[in-house]
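Let me begin by presenting the structure, written as structure tokens, before commenting on it.
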Amino acid sequence: MSDDKPHIPAGCPMGAGAAPSDGSASDTLTYNSYLRVPQLLDLQQYESDPPAHDELLFIIIHQAYELWFKLILFELDSVRAAMYADDVYEASRLLQRVLQIERLLIDQIHVLETMTPRDFLRFRAVLNPASGFQSIQFREVEFLTGIKDSNVLKYIELTGADRERLERRLAEPSIRHALFELLRRRGFDVVVPHDGQELVGDERDQTFAELLRLYQHPEKFFHLYTLAEALVEHDQNLLLWRFHHVRVVERLIGTKAGTGGSSGVQYLSSTLTKRAYPMLWEVRGMLSDTDIYESHTQSKR
Ligand code: HEM
């Protein structure tokens, strides 16, 4: 090559048009203009004055979470639509993407452990009363998944648009609802639980009997079973994130109260029982080796 510019393949946003050599602005699409990099890099504004060294990490990690939450919500919306459209393949495919992102989010929280409790104190006071508790998108993920606790709304100061978003999420059917509807359409005589409620009595027994049928015969109902287990993994990832988050919080602030006004670690520990699909967790405990023997001999017949 005559010059030492790297070869950039067509289709890569960086390759679509190099900046003009005279340094003037151009309408040609570039990596920076396409991805709005200057605007993105201008979004980290310190509250501390003079700026505390670790505040940049604190801002960027939260912003990165919010970006990933945006994509998770986008994909989960599509997962739910695919489930209502009976497209189990597409629902499972997109759910795998969500699970992969969630693994990243569980790991990512530990970057904060490179900040010492003392370094955090250099800017923690100026964050008051802001808190991750007020993350609208985190609540949207919970509501869309099927964890619908409207009480959290009482403690978050909401703009009109935020309230509208969360109320819409509360009102619309969750993925949990979509799953039970899908099972019914596929011949499982389950009762579809209302969002925010668990089944009781005969309805619960009948639904467990049907879920047992699914879990006794994973090979027979492979696609449905795979989807159900991916949803359990999504539920598990939310739990794992909560667990890792609370441990990081404990390392950084010990027993101090949260900036959002909660008791801190004590409150966060109380959320470690939240599950969107408790029946899917419970059903595996109902399997017995007799079921497995029967299932095995039936499938051999
Ligand atoms: C120094 C790091 C962090 C500390 C000390 C911390 C502390 C806390 C505390 C004490 C709470 C309870 C509410 C309160 O009273 O404030 C909370 C809630 C929460 N935080 Fe963090 N946090 C940190 C990092 C993060 C990050 C990186 C995220 C990513 C988005 C995050 C998201 C959340 C969410 C979503 C909640 C609500 C959890 C629930 O109510 O179930 N936090 N945090």
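All ligand and atom numbering here is 1-based and tracks the order in the structure.
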At a 4.0 Å cut-off, with the gap strictly under it, does some heavy atom of Gln266 reach an atom of ligand 1? no

If you draw a sphere of radius 2.8 Å around atom 21 (Fe) of ligand 1, how many protein N/O/S atoms end up strictly inside it? 1

So for ligand 1, is Ser262 a polar contact partner (N or O within less than 3.5 Å, distance only)? yes

Give yes or no for whether the N/O distance cutoff of 3.5 Å, strictly under, is met between Gly260 and ligand 1. yes

heavy-atom search around atom 25 (C) of ligand 1 in the protein gives His62 NE2, 3.2 Å

Answer with side chain, backbone, both or neither: which part of Trp68 has a heavy atom less than 4.0 angstrom from an atom of ligand 1? neither

Atoms in ligand 1 with a heavy atom of Thr271 nearer than 4.0 Å: 41 (O)

Option passing side-chain hydrogen bond (donor to acceptor under 3.5 Å, both in side chains) with Gln100 (candidates Arg103, Glu102, Gln96): Arg103

Looking only at distances, please establish whether an N/O atom of ligand 1 is found under 3.5 Å from an N/O atom of Lys274. no

Can you confirm, on distance only, whether ligand 1 has an N/O atom lying under 3.5 Å from any N/O atom belonging to Arg242? yes

What about Tyr65: any of its N or O atoms under 3.5 Å from an N or O on ligand 1? no

Using 4.0 Å as the upper bound for N to carboxylate O, is an ion pair formed by Arg36 and Asp42? no

Measure up the Phe58 and His62 rings against each other and bin them: parallel (under 30°), tilted (30 to 60°), perpendicular (over 60°). tilted

Aromatic rings His177 and Tyr84: how do their planes relate, parallel, tilted or perpendicular, breaks at 30° and 60°? tilted

Spacing of CZ belonging to Arg242 relative to CG belonging to Asn237, to within rounding of 0.5 Å: 12.0 Å

Nearest non-hydrogen partners of Thr259 and Asn128, listed with the distance: O-OD1, 3.1 Å

With heavy atoms under 4.0 Å as the rule, classify the contact between Arg139 and ligand 1 as side chain, backbone, both or neither. side chain

For atom 32 (C) of ligand 1, what's the nearest protein heavy atom and its distance? Trp241 CH2, 3.5 Å

Crowding at CD, Glu66 (>12 non-hydrogen neighbours, <6.0 Å): yes

Contacting atoms of ligand 1, where contact means under 4.0 angstrom from a heavy atom of Tyr267: 12 (C), 39 (C), 40 (O), 41 (O)

Quick one: which ligand 1 atoms are inside 4.0 Å of a heavy atom on Leu112? 2 (C), 24 (C), 27 (C)

Min heavy-atom dist Tyr155 to ligand 1 below 4.0 Å: no

Using a strict 4.0 Å cut-off to heavy atoms of Met115, name the atoms of ligand 1 that fall inside it. 1 (C)

Any side-chain to backbone donor/acceptor pair from Arg184 onto Val191? Under 3.5 Å, distance only. no

Could you list the atoms of ligand 1 found under 4.0 angstrom from a heavy atom of Ile109? 26 (C), 27 (C)

Does any donor atom in the side chain of Gln134 or Glu157 lie under 3.5 Å from an acceptor atom in the other side chain? no

Nearest protein heavy atom with distance in Å, relative to atom 5 (C) of ligand 1: Phe120 CE2, 3.6 Å

Does a side-chain heavy-atom distance below 4.5 Å link Leu179 with Arg176? no

Intermediate values then yes/no, ring pair (Phe, Tyr, Trp, His ring centres under 6.0 Å), Phe133 and Tyr267: CA-CA 11 Å; Phe133 188 87; Tyr267 157 70; 5.8 Å; yes

Measure the spacing between CG of Leu144 and CD of Glu75 and express it to the nearest 0.5 Å. 11.5 Å

Side chain Ser262, main chain Gly264, donor-acceptor under 3.5 Å: yes

Using a strict cut-off of less than 4.0 Å between a Lys/Arg side-chain nitrogen and an Asp/Glu carboxylate oxygen, indicate whether Arg139 and Asp149 qualify as a salt bridge. no

